[in-house]
Every structure is written in C-alpha cells, then in structure tokens.
Amino acid sequence: MTNIAILASGNGTNAEHIARTFEGSREINVAIAVSNRADAGVIGRMNRLGISVEHVPDNVWRENPGEIVGLLRRHKVDLIVLAGFLKYIDPVIIDAFPKRILNIHPSLLPAYGGPGMYGARVHRAVVEAGEKLSGVTVHFVSAEVDGGDIILQKSVELVPGETAKSLEAKIHPLEYEIYPEAIALSLIHISEPTRRRGI
Ligand code: GAR
C-alpha cells in the first residue's frame with residue numbers, strides 16, 4: 001500500500017477527486033491532507049470524506065520544513081501530491097522525498113509556469129497571449145518552481161472568444177482525469193525495499 005499526502009491551499013476539487021478515485025483502492029491510501037490555510041475549502045472536502053487534515057501555517061513552511069518532514073513521516077507517507085498548493089517546497093522536504101513529490105499545473109509547462117503563476121493567473125496570461133493551445137502538466141517537484149521532470153501532459157484547444165474563466169472550466173476536468181493517472185504512473189519510482197526502509 002502506498003500512502004499519499006495531499007497538500008492544498010485552496011478549494012480542493014483536485015484533492016477531492018483524487019481521494020474519491022482511490023477510495024477503497026488496495027494500492028493507494030490517502031493518509032493525510034495538509035493545508036497552509038485554516039479557511040481553505042479543501043479542509044471541509046477532506047473532512048466529509050473522513051480524511052484527516054492538518055493545518056500547517058505559512059511560517060512553518062518557511063522556517064521549519066523539518067517539522068513537515070516529521071509530520072509526513074509520522075503518517076508513513078510515501079508520496080506527496082500537491083493539488084493547488086501555493087507554498088514553495090523547501091529543498092529539505094524535496095531531499096527527504098526524492099522523486100516522490102508531484103505537482104499539477106494548469107498549463108503546458110514549461111510555458112506559463114514559474115513563481116507567481118498559478119490558477120486563474122495562468123489562464124489569463126494564456127488568453128491574453130492569444131495562444132491556440134493550453135493544457136495541464138503533472139510533474140515531479142524540484143527546487144525550481146514548476147521545473148521538475150514531466151510525468152504527463154494533456155492539451156486543450158482555445159476557441160475564438162475564449163476567456164480565462166471558460167479556459168479554466170475546460171482545464172479542471174482534464175486535471176481530474178490525468179492526476180490520478182499520473183499518481184499511479186509515479187508508483188513505479190517507489191520500490192518496495194526503499195519503502196520498507198521508510199526512506
Ligand atoms: C488547479 O487548477 C491547479 O492546476 C492549480 O490550482 C488549481 C487548484 O484547483 N495549481 C497551480 O496553479 C500550481 N501552480 P482546486 O483547488 O480546485 O483543486
């Protein structure tokens with residue numbers, strides 16, 4: 001069984017979709033959700049699904065990432081899944097979970113990624129640039145924001161008159177489709193012996 005932790009800062013529709021997809025799975029267990037915001041929509045969504053949520057405030061992510069590693073280890077987490085999580089992931093956490101942290105980004109990376117590019121801002125930039133194509137990327141998290149190896153991408157066409165809102169409405173269902181698939185694919189990087197050692 002692979003234990004995953006879902007990290008989310010906002011509404012949490014991806015988090016909910018992932019949790020529902022793997023409900024009853026014999027391979028993947030959502031062990032915990034973590035949010036940096038006490039008022040995030042994701043908290044209610046996870047509570048309703050019976051998944052425990054920890055609130056870890058902003059200063060801890062910045063000043064004491066080792067505490068977060070400890071929390072994840074206590075919950076025997078094998079894989080960390082960022083689902084609309086807007087804090088920088090400190091190298092201390094990346095080093096503790098090599099190739100075990102995934103992120104979803106609502107564009108075809110490397111386009112429209114990097115610091116400050118998230119959610120609606122990405123869609124606005126894509127529409128304003130007159131792009132014909134956008135999409136979703138799931139990638140491993142590295143020290144460079146949105147810069148890690150890509151696991152899966154899926155594209156969507158923009159139509160004349162497309163707005164940031166309408167593009168977002170097209171992108172979300174694509175996210176729900178590819179994130180569980182990318183999570184399942186990433187499991188090949190987590191070998192049994194390594195997991196047993198708890199590394
Ligand atoms: C998603 O569109 C996700 O791709 C994006 O935040 C949204 C969260 O939605 N993430 C980023 O922009 C990361 N740079 P949700 O809270 O409804 O899952």
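The figures here come from the full heavy-atom set of this structure, side chains too, leaving out hydrogens, waters and symmetry mates. Ligands are counted one by one from 1 in listed order, and the atoms in each one are counted from 1 as well.
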Val145 and Phe85: same hydrophobic cluster, using ILVMFWY side-chain contacts below 4.5 Å? no

Considering distance alone, does some N or O of [X] sit under 3.5 Å from an N or O of ligand 1?
X      : value
Asn14  : yes
Gly119 : yes
Leu86  : no

Closest non-hydrogen protein atom to [atom], residue and atom name please, with distance?
atom                    : result
atom 9 (O) of ligand 1  : His172 NE2, 3.4 Å
atom 16 (O) of ligand 1 : Gly12 N, 2.8 Å
atom 6 (O) of ligand 1  : Gly84 CA, 3.6 Å
atom 14 (N) of ligand 1 : His105 ND1, 3.0 Å

Other residues, nucleotides and ligands only: do more than 12 of their heavy atoms fall within 6.0 Å of [atom1] on [X]?
X      : atom1 : answer
Lys170 : NZ    : yes
Lys99  : NZ    : yes
Tyr112 : OH    : yes

Using a strict 4.0 Å threshold on nitrogen-to-oxygen distance, state whether [X] and [Y] make a salt bridge.
X      : Y      : answer
Glu177 : Lys154 : yes
Lys87  : Asp58  : yes
Glu16  : Arg20  : yes

Could you tell me whether Glu175 approaches ligand 1 through its side chain, its backbone, both or neither, with non-hydrogen atoms closer than 4.0 Å? side chain

Take every heavy atom of Ala8, measure it against each atom of ligand 1, and state whether any distance is under 4.0 Å.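 No; Ala8 lies far enough from ligand 1 that no heavy-atom distance drops under 4.0 Å.
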
Only heavy atoms count here, so choose which of Ile6, Ile104, Val145, Thr13 is nearest to atom 17 (O) of ligand 1. Thr13

Closest to atom 5 (C) of ligand 1 among Gly114, Gly113, Pro106 (heavy-atom distance): Pro106

Can you list the atoms of ligand 1 that are under 4.0 Å from a heavy atom of Met117?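 This gives 14 (N) as the contact atoms.
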
Check: Val92 and Val69 side chains under 4.5 Å, non-hydrogen atoms: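 SC-SC contact between Val69 and Val92 confirmed.
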
